Amino acid sequence: MTITENLNQQQLMAVSYQPANLLVLAGAGSGKTKVLVSRIAYLIQNHRIGPANIMAVTFTNKAAREMRERLEKMLQFPVTSMWVGTFHGLAHRFLRAHWQEAGLSQHFQIIDSEDQFRIIKRLQKDLDLAEERWPIKQTQWFINNKKDQGIRPQHIQYGAHDIFDKTLTKVYELYTEYCKRNNVVDFAELLLRTHEVLRDNLSLLEHYQDRFKHILVDEFQDTNDIQYAFVKLICGRDNFLTAVGDDDQSIYGWRGAKIENIQKLTKDFKDTITIRLEQNYRSTKNILAASNAVIEKNSNRLGKKLWTDGETGGLITLYSAMNDIDEASFIVKSILHEIHDGASRNDIAILYRSNAQSRVLEEQLIQAGLPYRIYGGMRFFDRAEIKDALAYLRLLNNENDDAALERIINVPTRGVGNVTLNKIRDLAKANNLSLWQSAKQHISGNLLAARAHNSLQNFIELIENIKTETENLAIAEQIEHVLFRASLKEFYSKDKSDRGRMRLDNLNELVSAAREFDDNNDEASMSLFLAHAALESGDDGNSGDTECVQLMTLHSAKGLEFPIVFISGLEQGLFPHQLSMSEPDKLEEERRLCYVGMTRAMQKLYLTHAQLRRLHGNEQYRRPSCFLYDLPEELLDKRSGMSLFTTSTTYSQKQPESKATIPQNTSFENNKYSIGQLVEHATFGVGTILNFEGAGDNLRIQVNFKSCGTKLLAAAYAKLNPL
DNA sequence: AAGGAGTAGGTTTTT
DNA sequence: CCTACTCCTT
């Protein structure tokens, strides 16, 4: 098969266009990845560009892996010398090679946002900044935001009375010093430092400009200032940029992505050719028409209209639910129908604006006995037990990693409590020592009471012993040894709950991950494995054998596609979100998010909203989302749940408090339960009580419901058992 | 050092 | 309403 086979005219043009600066505006489902991969293959095969002369930047590590795989499959030979990765991954690679020019020490480590949070918290505490007035998150945001814009503490200008900027800049400054002292680098620093080194080192810059004849960047609409500056810098000579993206799918403005980047590209890069991929191969005509109708309401678009010569498809179902539970129950019922009609659970995705919305959906799915999977929860390498284990490894790798030491000095508990730790901190601060050095001084100088002294000494010896014992081991074996010597597994196995068991599993999984890393990397080292752990989310992909309905936020649905898609909670204040409704720019991003969601659907799209929703504990009447009014009537199959009027009587009854959850896998329809059973195991919900029998503990109740509510049951109970 | 009480806060997330 | 975290008691 040749590279240019099976491409439409626009795709072919994008793939085969002579070396030049290219902007490929690729609409949803227009074969963007295919074009990107094919263009690289084409450059290699037809323009005799060496893989080593190509750099490809992707949005996630997963995308990077997939790109390399597809490319190698297409070319039938490995392209190991090509640089493929995320901006962060590539920057890391660069800094490892040029740590001296970058002013880093050779074995610098990457910290993630949680580490960063803890460090800033510590620093602010030392500065006596009250957390209520100076939220750590805010400082963290301040620092990262400055870094994303290429701004160092010394560049920040503030007025004499600007306490806010003055204070945060001070923290930023101390934080920078801390990172230098501890030999660590955060995510934003990877990019900023790389940019600075290239900018200030002409020979190095020219070397890379000469090497990378072609730089290809995917998801260009999601680049931030520093990333754009980096691309601009490196594309400064006889080399070319291929930027692929879709301004209509820019949904990360809130974390620094600049939609303007894709808009100003043609001005900043010489003779840029713009190619539009507008033929969609994913969705039906109806779905596409509806999506187009929504996105058309945005101003400032580069302009693009998707079309398809696929089938018209069914109408889009718009369900107006009575409340959030009715909404969830409608979704679940519809899923059951779809499955009955031959759909696989894997084909179905439920999308929502915020994670909190998943709970009600989950409850209904559990009741229906439908297996589901939630995307984008806690990431593997972010789990507490994994981070503990990694902290040991970090400490072994670099004794002066204070954050690592703080994390595990008393995990598992070994009698080095807060009092001792504070003493260690104080001495470290006074003499500009690392915590490890300070701890050793406490031992050698006999500065502690006997009990603390012994505990601390044991800790120091433990670390030093592990260090010698693991010196020549492969990384997986090193980790196993650490887990054993630090009794981490023992520590977690004390927890007999599901959670404890899961933690043990995860620790074992960590060993496997290390082994896999070892197998896949020629020069695997502990230092590289730690970097891998920081840069990779370690998402398990489609693990597991059971087919699952997929639940995720609209944001995490980007780049995916499903035959059947539900978008729930289309209500003013929820989607578009309350906090994004005031400013036009933010509302436009919400609209793009809606567009992204809708264009995930291949065959069938369901949109739902609830008239009454329980949010933060109280019920609120909600207007349908403004996006729903953009949809052409003729594309819709409108349905609605019970009217509000009927149920409001139920809701208005005086109801005593009760708390409980229905056990999983319980089926309810028209069954009789003892009230004790039900009140103890009920979740709130909607239902009708058909009949009562007996009284007191022997009271039995017949209910007809999707899920019967605690409130309702409690009301019934109160009615039959007056005080 | 663990568990209970009390309370603050509650978009979106990858690296 | 639910959670995650702090603080306070044993």
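Naming convention: chains lettered A, B, ... in sequence-line order (proteins, then strands); numbering from 1 in each chain. Everything numeric here is computed off the predicted structure, so don't read it as measured data.
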Starting at atom [atom1] of [X], determine the distance to atom [atom2] of [N], rounded to an integer number of angstrom.
X	N	atom1	atom2	answer
A:Lys558	B:dT11	NZ	C1'	17 Å
A:Leu612	C:dC1	CG	P	14 Å
A:Phe575	B:dT11	CZ	P	15 Å

Provide a list of protein-nucleic acid N or O atom pairs under 3.5 angstrom, restricted to nucleotides 2-10 of chain B.
residue, atom, partner, partner atom, Å
B:dG10, N3, A:His616, ND1, 3.3

For this session: Find which nucleotide of DNA chain B each of A:Ser580 and A:Gly415 is nearest to by heavy atoms, and output the residue with the more 5' nucleotide.
Result: A:Gly415
Show me the side-chain donor-acceptor pairs of residues 114-125 of chain A shorter than 3.5 Å, one per line, residues at least two apart or across chains.
residue, atom, partner, partner atom, Å
A:Glu114, OE2, A:Arg118, NE, 3.3
A:Glu114, OE2, A:Arg118, NH2, 3.3
A:Glu114, OE2, A:Arg407, NH1, 3.2
A:Asp115, OD1, A:Lys387, NZ, 3.4
A:Asp115, OD2, A:Asp112, N, 3.2
A:Asp115, OD2, A:Arg394, NH1, 3.2
A:Gln116, OE1, A:Gln140, NE2, 3.0
A:Gln116, OE1, A:Asn144, ND2, 3.0
A:Gln116, NE2, A:Asn144, OD1, 2.8
A:Gln116, NE2, A:Tyr175, OH, 3.2
A:Gln116, NE2, A:Asp186, OD2, 3.3
A:Gln124, OE1, A:Thr139, OG1, 2.5
A:Gln124, NE2, A:Trp134, O, 2.9

Exercise. With a 4.0 Å cut-off on heavy atoms, is A:Glu590 in touch with a base, just the backbone sugar-phosphate, or nothing at all?
Worked result: base
For this session: Tell me yes or no: between the side chains of A:Glu589 and A:Ser250, is some donor less than 3.5 Å from an acceptor?
Result: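 Their side chains do not contain a donor-acceptor pair, so the 3.5 Å distance test is not met.
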Exercise. Taking atom types as modelled and ignoring hydrogens, do the side chains of A:Asn261 and A:Thr223 form a donor-acceptor contact shorter than 3.5 angstrom?
Worked result: yes
Problem set entry | For A:Glu588, all residues meeting salt bridge (Lys or Arg N to Asp or Glu O under 4.0 Å), sequence neighbours excluded |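 Per chain and number, A:Glu588 pairs via salt bridge (Lys or Arg N to Asp or Glu O under 4.0 Å) with no residue.
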Nucleotide N/O of nucleotides 3-7 of chain C paired with protein N/O under 3.5 Å:
residue, atom, partner, partner atom, Å
C:dT6, OP1, A:Lys121, NZ, 3.0

For this session: Cation-pi check, A:Arg373 to A:Tyr375: give yes when NZ or CZ is under 6.0 Å from the six-membered ring centre and within 45° of the ring axis, no otherwise.
Result: yes
Problem set entry | Quiz item: cation-pi between A:Arg592 and A:Tyr595, 6.0 Å / 45° | no
Please list, pair by pair, any protein nitrogen or oxygen found under 3.5 Å from a nitrogen or oxygen in nucleotides 13-15 of chain B.
residue, atom, partner, partner atom, Å
B:dT13, OP1, A:Thr553, OG1, 2.5
B:dT13, OP2, A:Asn355, ND2, 3.4
B:dT13, O4', A:Arg255, NH1, 3.4
B:dT13, O2, A:Arg255, NH1, 3.3
B:dT15, OP1, A:Asn61, N, 2.8
B:dT15, O3', A:Thr86, OG1, 3.4
B:dT15, O4, A:Ser113, OG, 3.2

For this session: On the 0 to 90° scale, with breaks at 30° and 60°, tag the A:Phe381-A:Phe529 ring pair as parallel, tilted or perpendicular.
Result: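 Because their plane-to-plane angle is over 60°, the rings of A:Phe381 and A:Phe529 count as perpendicular.
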Problem set entry | Of all pairs that satisfy salt bridge (charged side-chain N to carboxylate O under 4.0 Å, His left out), the ones with a partner from residues 223-233 of chain A, not counting sequence neighbours | A:Asp225-A:Lys258, A:Lys232-A:Asp268
